[in-house]
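Just so we're clear, the structure is a prediction, and the values are computed from it rather than from any experiment. Convention: sequence-line order gives letters A, B, ...; per-chain numbering from 1.
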Amino acid sequence: MKANYLDELNEQQREAVIHINGPLMIVAGAGSGKTKVLTTRIAHLMRNGVDAFNILSLTFTNKAAREMKERVEKILGSSEARNLYIGTFHSVFARLLRAEAHRLGYPNDFTIYDTDDAKSVLKTIINELNLDDKHYKPTFVYNRISAAKNSLMGPDEYQLDHLVQQEDMRANRPLIGKIYDMYAKRTFKNGAMDFDDLLFKMYILLKSFPEVLHKYQHKFRYIMIDEYQDTNPAQYEIIKLLGAVNENICVVGDDAQSIYSFRGATIQNILQFEKDYDDVRVVKLEQNYRSTKSILNVANEVIAHNKGQIEKNLWTDNTEGDTIKLVRTMTDNEEGKFVADTISEQKLRNHYDNRDFVILYRTNAQSRSFEESLRRKAIPYRIYGGVSFYQRKEIKDFVAYLRVVMNTRDEESLKRIINYPVRGIGKTTIEKTLVLSNEHNITMWEVLERAREFGFKGGTVEAIEAFVIMIKSFQALLSTHNAYDVSVAVGKSTNIVKELFNDKTTEGLARYENVQELLNSIKEFTETPDEEGELLDKSMGSYLQQITLLTDADQGDDKDSNVVKLMTIHAAKGLEFPVVFTVGLEETLFPSGMSINTREELEEERRLFYVAITRAKSRLWLTHANSRYRFGNLVQNEPSRFLEEMPEKYIDRSYAGGGSVRNAFGGGSTSNWGGNNMFDRMQKKTPPAQQPTQAAKPTFSPATNHVPSADFAADDPAEMVVGMQVEHQKFGFGTIASLEGAANNRIALIVFPKGGGEKKIMLNYAKLKIVR
DNA sequence: GATCCCGTTGTTTTT
DNA sequence: CAACGGGATC
């Protein structure tokens, strides 16, 4: 054990670490050494006689959990840390539920449904109710149910709650409560829990079984929660229950970084923590060790635009550093090119490696232009997020076998594989099976097991019996072989591997490789040696649980891969990089057009921006494009309002008008707009063309200089017809030349005499005022 | 039962 | 501009 571990802390950090008993709230500003405090505190607890078995630590990602364990071990110099209970809310509760599920009537090897599985079940139910799944969109219904569960509202409460019912009525979807009810029953029948159930059922478990609650209250005497600002009411209540006896609850968070309200998180949890317990000790970590003064000052000033925060003053001893560069390009492609060029230059000029750069964006869809430009310059990169490996069809199919082997109640997975690969169990048979299972109130699997008894005949019954025997043979294998061997057997007996191997198309090849990769991952999982006697759960059930609960941040962070990283700002939370590009800073994109309707939404967008800025250690670029493709159309975007909230002092706006500068120089061709030109201008600080008005807001001049009428207000697009005179905010007055597209996606061709000629305008997107 | 073509649809953010 | 789903077709 390092004797001097306390010496490495500043005063506030030490105060947080040595507080052992009683509720503690650590308000940890960005880059203030939060992880260090958390890990040191755990080590300190253990050094002061607290048994590792009695410590529960909840994190946001599995990766954070792993790191935390490693760091505690390092401080302690022993492997006692392996006994700590560290993990994400979801994975920890999944593990506890796997031990207790029988009490709730679930199999201990219950399946965990990911979002796709859940939506698929919902779609089935919606169709069963003869509802239109275009009106009752599974995604919409899923979100409603998810929100309900995250506020601990079951189907009955949902249907009895006036406010909720009113909302559904107003949305013209009064039957969501009914769907919720059926969905809950169906997933239960399937022996499956969705993500939200892992919290919701955990709560139910603790509430309904006092002996269970007592057991875990006694076990988890010390509870630590990271990223507390992103917890939702369900998590809040569970923590409250678990911590009620000892009240040794330590929460760590930063209200300025609360960015998950769309997932039910409520910032109130952290704002109210002091009122939840008596004698809450509050420690504020206000020294930032990560960023330059310039970066931190910009961040502080931006976040100051939000109301009602926990008061704190984040400061740093670091150097002032470079100014923050603000860059405007004409298009999204040029934005991509600019970033790639700048990365090349910075590598040469400041000796950075690829791994020092990150490109942060608001939406996953924005990655495209950066991928292209990086590929063109042969800069290796890696995208985090997007479609996960485990969401690919061939992987889901294979995993469905494993799920059925573990839990035959899982109808969703069963339906997926019952005739894949084709084995003569067709649509009619499946329908019949489902009807029988409903009639007799048994699972689909039981119907299959008793197929002959239920009157299936000829080839069908043979096919079914062969299938049942096959699955049972896998189950038998499970008791003598490990997860990997069983998986290989599945691949062989089902012919899936062979079939994919024989498919020589490019996609077929990719699918084959993906399945091989899956098998490899199972192998790795089963064969990773137990670390110093640590008993890891190597069962198939544990594997399946792990892969569905993987977070984006968890995907292979090959420490040695020297590549530029691309990710959403959400995915970047908790990370830091020497050089950060935050891109797409435009109105309707960042802040998102979906989140500008209430103060709360806008403030969350601003916090997101704050998170983006504070990821940077030494250099920060902020970029935006004049126009970009969205929904297949070129749209013009105003620069983000957040850009106006930054203090001039630390900002270098000299490239703000990249496009205009280029025009001023007369170089019209994009292709010769090389990075070197850009770089040269940067070094020489050549004043851009519109320098004289720099002090004002030169960047924010609209594409044309139309000033909207005083009474400008958007009219209903439905009323617009050909020949009508309209006014556009930017393009001025024009005439509708033609209209196309369906009722709610009409596209008008409008002639703007002063605003640049013909424009195609999406009516439900652009704001147009009818003149006559 | 598979494949192809067409139209529709969607872009916040994720455990 | 994708990607996905539904329907028609073989």
Which one, [options], comes nearest to the side chain of [X]?
X: A/V422; options: B/dT9, B/dT14, B/dA2; answer: B/dA2
X: A/T568; options: B/dT15, B/dT11, B/dT13; answer: B/dT13
X: A/R263; options: B/dT14, B/dG1, B/dT12; answer: B/dT14
X: A/E605; options: B/dT12, C/dG6, B/dT15; answer: B/dT12
X: A/A365; options: B/dT14, B/dT15, B/dT11; answer: B/dT11
X: A/N419; options: B/dG1, B/dT15, B/dG10; answer: B/dG1

Starting at the 5' end of DNA chain B, which residue's closest nucleotide do you reach first, A/R423 or A/S592?
->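 Whichever sits nearer the 5' end wins; that is A/R423.
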5′-ward residue of the pair A/K427/A/M594 relative to DNA chain B |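 Per heavy-atom nearest nucleotide, the more 5' residue is A/K427.
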Name the one of A/Y361, A/F262, A/Y384 that satisfies ring-ring contact (aromatic ring centres under 6.0 Å, His included) with A/H570?
->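 Of A/Y361, A/F262, A/Y384, ring-ring contact (aromatic ring centres under 6.0 Å, His included) with A/H570 is met by A/F262 alone.
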Will you find, in the side chains of A/N407 and A/T111, an N or O donor that is under 3.5 Å from an N or O acceptor?
->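 There is such a pair (donor and acceptor under 3.5 Å, judged by atom type) between the side chains of A/N407 and A/T111.
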Give a yes-or-no answer on whether the side chains of A/E227 and A/Q229 include a donor-acceptor pair shorter than 3.5 Å.
->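 A pair is found: one side chain offers a donor N or O, the other an acceptor, under 3.5 Å apart.
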Please answer whether the main-chain N or O of A/I126 pairs with a side-chain N or O of A/D133 as donor and acceptor at a distance below 3.5 Å.
->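 No, A/D133 side chain to A/I126 backbone: no donor-acceptor pair under 3.5 Å.
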Taking 4.0 Å as the cut-off, does a side-chain nitrogen or oxygen of [X] come that near to OP1 or OP2 on [N]?
X: A/K137; N: B/dG10; value: yes
X: A/K123; N: C/dG6; value: yes
X: A/N364; N: B/dT14; value: yes

Nucleotide [N], atom [atom2] - distance to [atom1] of [X] in whole Å:
X: A/R628; N: B/dT11; atom1: CZ; atom2: P; answer: 18 Å
X: A/N150; N: B/dT14; atom1: CG; atom2: P; answer: 16 Å
X: A/N633; N: B/dT11; atom1: CG; atom2: C1'; answer: 13 Å
X: A/D196; N: B/dT14; atom1: CG; atom2: P; answer: 16 Å
X: A/D230; N: B/dT15; atom1: CG; atom2: C1'; answer: 11 Å
X: A/Y142; N: B/dT15; atom1: OH; atom2: C1'; answer: 8 Å
X: A/F262; N: B/dT11; atom1: CZ; atom2: P; answer: 13 Å
X: A/E600; N: B/dT12; atom1: CD; atom2: P; answer: 20 Å

Compare the ring of A/F631 with the six-membered ring in the base of B/dT11 and state whether they stack (centres under 5.5 Å, planes under 30°).
->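 Stack criterion not met.
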Where does the angle between the aromatic ring planes of A/F609 and A/F642 fall among parallel (under 30°), tilted (30 to 60°) and perpendicular (over 60°)?
->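 Taking A/F642 first and then A/F609, their aromatic rings lie parallel (interplane angle under 30°).
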Categorize [X] for me: base, sugar-phosphate, or nothing, with a 4.0 angstrom heavy-atom threshold over every strand shown.
X: A/K393; answer: nothing
X: A/T548; answer: nothing
X: A/S91; answer: nothing
X: A/Y260; answer: sugar-phosphate

Between B/dT11 and C/dG6, how far apart are the C1' atoms? Round to whole Å, please.
->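 Each nucleotide's C1' atom is 23 Å from the other's.
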Between the base of B/dT12 and the side chain of A/R362, is there a donor-acceptor distance below 3.5 Å?
->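 For A/R362, whose side chain was compared with the base of B/dT12, there is a donor-acceptor pair (under 3.5 Å).
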Using 4.0 Å as the upper bound for N to carboxylate O, is an ion pair formed by A/E412 and A/R416?
->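 Salt bridge flag = no for A/E412 with A/R416.
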